[in-house]
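A short worksheet on the structure shown next.
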Amino acid sequence: MASASSLVRLEGLTVAFDGVRVLHGVDVELARGGTLGLVGESGSGKSVTWLAALGLLPTKARVEGRVLLDGEDLLAASERRLDAVRGGRIAMIFQDPASALNPVLTIRRQIGEALALHRGLSGRAIGAEAKRLLDLVGIPDAERRLSAYPHEFSGGQNQRIMIAMALAGRPDLLVADEPTTALDVTIQAQILDLLDLVRRETGMALVLISHDLGVVSQTCDRVAVMYAGRIVEEGPSDRLFADPAHPYTRGLIGALPPLDGSRRRLVSIAGTVPDPKAPPPGCAFAPRCLHSDRRCAVAQPSVETIEPGRRMACVLAVHRREESAGAASSLARKETAAS
Amino acid sequence: MSEPLVRVDDVARAYHARRGLFGRPVEVAAVDGVSFALGRGETLGIVGESGSGKSTTGRLVLGLEPTDRGGVVFDGAPMPKGGTAEWRRLRARMQMIFQDPLGALDRRLPIAEQIREPLDIHGVGDRLSRLDRVGDLLDRVGLGVDHGRRYPHELSGGQRQRAVLARALATTPDFLVCDEPISALDVSIQAQVVNLLVDLQAEFGLAMLFVSHDLRVVRQISRRVVVMYLGRIVEEGSADDLFATPVHPYTRALVSAAPTPGRRLVDRIVLGGDPPNPADRPTGCAFHPRCPVAEARCRVETPRLVDVGAGRRAACLLVAADATPNREAA
Ligand SMILES: Nc1ncnc2c1ncn2[C@@H]1O[C@H](COP(=O)(O)OP(=O)(O)OP(=O)(O)O)[C@@H](O)[C@H]1O
Ligand SMILES: Nc1ncnc2c1ncn2[C@@H]1O[C@H](COP(=O)(O)OP(=O)(O)OP(=O)(O)O)[C@@H](O)[C@H]1O
Ligand SMILES: [Mg+2]
Ligand SMILES: [Mg+2]
């Protein structure tokens with residue numbers, strides 16, 4: 001499904017640590033200015049996917065496949081070339097804000113470094129732009145707080161500083177790993193509005209990794225769901241949340257506590273993720289799946305298109321496709337009858 | 001009502017932040033007069049603006065930081081000063097789970113050893129039973145023995161947070177302060193951890209202070225909830241009432257902005273104005289510059305946290321006026 005407008009494309013990306021595979025071939029594509037949400041099991045490889053794509057994993061990690069940025073394979077690129085890409089064309093906001101910031105440098109120094117390196121700014125211009133960025137992400141008293149250190153900020157403020165740093169290089173692609181988890185929902189909404197604005201103004205594409213299904217659904221046009229190192233379902237966000245197809249996705253959405261109505265015990269998905277050292281022979285989700293049958297234990301289900309623009313890796317896919325084709329044709333019938 | 005396990009009385013804490021290289025240090029009032037009580041086996045949720053002092057409140061309550069004003073009573077006795085031998089003895093009964101799991105863990109030690117550490121420190125059981133207990137704890141938070149052998153950076157974000165939880169539960173505490181304990185977990189594991197905390201609470205009468213931005217989870221786990229804004233409590237009530245019918249304008253904005261998957265937010269209350277600056281607290285009601293319904297008097301009169309009926313308290317001049325027409329002059 002190569003398309004001319006694709007900005008990044010991951011092809012068969014695999015990652016292994018000490019001979020144990022944790023990523024089993026991830027294929028995903030993102031258009032210029034597009035938004036892709038990445039959700040799924042904790043430990044399923046969401047962060048590792050993008051750390052691998054940007055060459056940020058420790059050397060013991062074995063990475064294979066292709067990561068195409070405008071057709072250039074980043075996995076084959078030199079370290080120098082990668083340094084220029086990271087923070088410049090592609091920026092990443094890391095999952096642990098406190099540990100991603102340098103505790104002994106002031107915020108001004110840290111943002112300043114990015115501005116000098118990727119925007120060629122110097123002197124006064126750095127201070128002014130750094131202040132503008134902090135204002136943008138809603139840090140009060142930005143001017144003065146530039147000379148503060150990370151431990152002098154709250155968790156959510158550090159997170160916003162990370163976002164400011166990521167935007168400093170005017171990236172074409174922002175990979176944001178849990179960018180709003182430490183923020184209250186009103187500021188979260190403001191940050192998401194901000195990212196949306198930047199995206200519309202600059203054509204920046206966004207990969208949003210988050211456990212917050214609500215945030216992903218508000219922000220992303222497309223969503224990919226990961227389980228045990230694979231994308232198990234992918235499609236347009238509104239369709240996927242309205243009508244999740246993969247049993248894992250359904251379990252995930254079913255586990256969400258309600259904001260109103262009566263409280264009941266939450267329904268989590270029974271069982272635990274398979275040990276990556278001893279994966280089950282067939283579908284990795286089968287041991288926990290309510291719908292699994294003999295076929296699931298035999299082979300890894302292939303990725304099938306279930307409706308235009310939607311794919312999933314599950315034996316139910318065929319069934320599902322017929323169902324939606326059936327629904328579509330009965331809808332068509334109704335429409336003809338009505339006209 | 002019997003004596004609560006934890007009583008927090010008007011605690012306050014200011015930091016001294018330097019302003020620029022040559023500027024005089026200014027006071028940042030991180031927490032400015034917070035009071036609440038927490039019974040055994042009860043959970044109090046804290047939600048609120050980022051930077052409003054939730055984490056600081058958690059640290060003050062545990063004595064991890066000294067208070068500038070006010071005090072904390074734990075199990076009938078004043079909390080001993082942080083760092084003293086008496087305080088350290090109490091620590092086995094009070095644990096905290098921090099917002100940043102990587103920062104809370106020691107990078108140089110495998111997870112299992114870190115979970116065992118509090119057992120060693122407080123001399124719980126013999127060597128063998130401690131190892132058993134570690135295995136049991138790993139299991140309860142959904143990690144395997146294999147994870148126990150790994151170092152923090154070899155785990156995913158959510159796996160790390162579960163390791164932190166296992167360590168906090170090791171000494172079977174009476175009181176647990178959870179600062180954003182589940183935000184790094186996927187919703188299915190969130191559900192597991194929330195169920196786990198609820199079970200532990202029923203089993204051991206664990207009291208919890210639960211800080212989170214996830215209103216759904218807070219509602220699920222808490223009996224009562226307080227909402228903080230700029231170092232103070234602006235609203236308090238039962239979890240069900242507060243989210244169903246928020247009365248303080250800030251709480252209303254908060255509830256209206258909570259996203260639901262598959263549904264576009266339609267009537268989100270967008271807060272205008274700049275986020276509040278604790279070093280330069282607005283006069284009157286601290287929320288007035290961003291409040292959609294503020295009136296002239298909100299700029300001058302400081303609302304106090306008052307009863308607004310049905311077990312609810314709120315700090316808003318307009319709400320107080322509605323509920324109690326004969327309110328005392330502030
Ligand atoms: N440096 C490392 N060495 C060994 N294993 C690792 C390393 N980094 C990650 N892993 C493993 O790779 C798998 C994928 O991890 P990853 O961090 O991508 O998960 P994730 O989907 O981002 O999870 P979360 O939602 O909890 O952040 C996990 O099983 C994790 O334990
Ligand atoms: N060591 C410090 N020095 C100076 N200011 C500090 C320090 N620690 C916290 N602050 C300030 O105190 C205020 C309260 O911080 P706190 O971490 O308690 O907020 P929070 O409610 O937990 O926020 P978040 O939801 O973002 O974690 C913030 O304005 C923060 O910048
Ligand atoms: Mg991750
Ligand atoms: Mg905090």
Side-chain angles (χ1 to χ4, degrees), chain A residues 17 39-44 47-48 95-99 138-141 144-145 147-148 152-157 159-160 178 181-190 211-218 238 241-242 251-253 255-260 263 265-269 272 275 277, chain B residues 15 17-21 23 47-51 55 99-103 142 144 146 154-159 180 183-192 194-195 198 213-217 219-220 243-244 253-254 257-265 268 270-271 274-277 279-280:
Chain A
F17 292 106
V39 302
E41 187 90 19
S42 165
S44 60
S47 301
V48 161
Q95 197 167 358
D96 279 291
S99 52
I139 299 281
D141 205 11
R144 296 177 191 281
R145 299 221 74 188
S147 50
E152 297 178 83
F153 291 92
S154 77
Q157 287 163 342
Q159 205 160 40
R160 280 178 277 164
E178 299 285 357
T181 40
L183 305 177
D184 67 85
V185 288
T186 66
I187 293 187
Q188 170 176 291
Q190 281 170 16
H211 289 305
D212 193 323
L213 304 180
V215 164
V216 168
S217 141
Q218 301 297 318
D238 47 352
F241 286 116
L252 207 57
I253 292 172
L256 210 62
L259 194 53
D260 44 31
R263 262 178 286 177
R265 195 172 173 80
L266 299 179
V267 192
S268 65
I269 303 169
T272 50
D275 180 356
K277 281 195 197 115
Chain B
Y15 296 106
R18 243 189 349 273
R19 293 190 144 189
L21 208 48
V47 299
E49 181 96 12
S50 161
S55 299
Q99 205 162 349
D100 173 17
L102 201 55
D146 159 62
E154 295 177 333
L155 294 175
S156 80
Q159 291 164 341
E180 292 284 355
S183 56
L185 309 174
D186 68 71
V187 277
S188 171
I189 296 171
Q190 274 183 14
Q192 276 173 28
V194 167
N195 288 342
V198 169
H213 289 303
D214 190 326
L215 304 187
R216 293 164 190 284
V217 171
R219 176 178 179 272
Q220 180 74 27
F243 292 127
L254 203 62
T260 300
R263 206 191 305 154
R264 291 274 154 192
L265 283 175
R268 186 182 126 206
V270 181
L271 290 179
D274 290 332
N277 175 7
D280 188 14

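Reminder, nothing fancy here: chain letters follow the sequence lines and each chain counts from 1.
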Report task. Flag the one option from V187(B), V47(B), N195(B), I189(B) with the top tally of heavy-atom pairs under 4.5 Å to chain A. Result ->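 Of V187(B), V47(B), N195(B), I189(B), N195(B) has the most heavy-atom pairs under 4.5 Å with chain A.
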Requested in this report: Identify which part of E41(A) has an atom lying under 4.5 Å from any heavy atom of chain B, answering side chain, backbone, both or neither.
Outcome: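 Looking at E41(A), backbone and side chain both touch chain B.
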Query raised in the report: Given that the side chain runs from C-beta out, which part of T186(A) has a heavy atom under 4.5 Å from chain B: side chain, backbone, both or neither?
Result: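 Both backbone and side chain.
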Report task. Locate the shortest heavy-atom distance separating A255(A) from S188(B); write the atom from each residue and the value. Result ->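 Smallest heavy-atom distance, with atoms named: CB-CA, 3.9 Å.
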Query raised in the report: Where do E178(A) and Q159(A) come nearest, in terms of heavy atoms and distance?
Result: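 The answer is O-NE2, 3.0 Å.
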Quick one: pull up [atom1] in [X] and [atom2] in [Y] and give me the separation to the nearest 0.5 Å.
X	Y	atom1	atom2	result
F241(A)	L252(A)	CZ	CG	8.0 Å
H211(A)	Q190(B)	NE2	CD	7.5 Å
Q220(B)	D214(B)	CD	CG	10.5 Å
R160(A)	Q188(A)	CZ	CD	11.5 Å

Which atoms of [X] are under 4.5 Å from chain A, going by heavy atoms: the side chain, the backbone, both sets, or neither?
X	value
V194(B)	side chain
D146(B)	side chain
L215(B)	both
A244(B)	neither

[options]: which one forms the most heavy-atom pairs within less than 4.5 Å of chain B?
options	result
I253(A), V267(A), I269(A)	I269(A)
S44(A), S42(A), G138(A), A242(A)	S42(A)
D184(A), L213(A), V216(A), L259(A)	D184(A)

Query raised in the report: Has the side chain of R145(A) got a donor or acceptor atom that lies under 3.5 Å from a matching backbone atom of E152(A)?
Result: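 Flag set: sc R145(A) to bb E152(A) pair under 3.5 Å.
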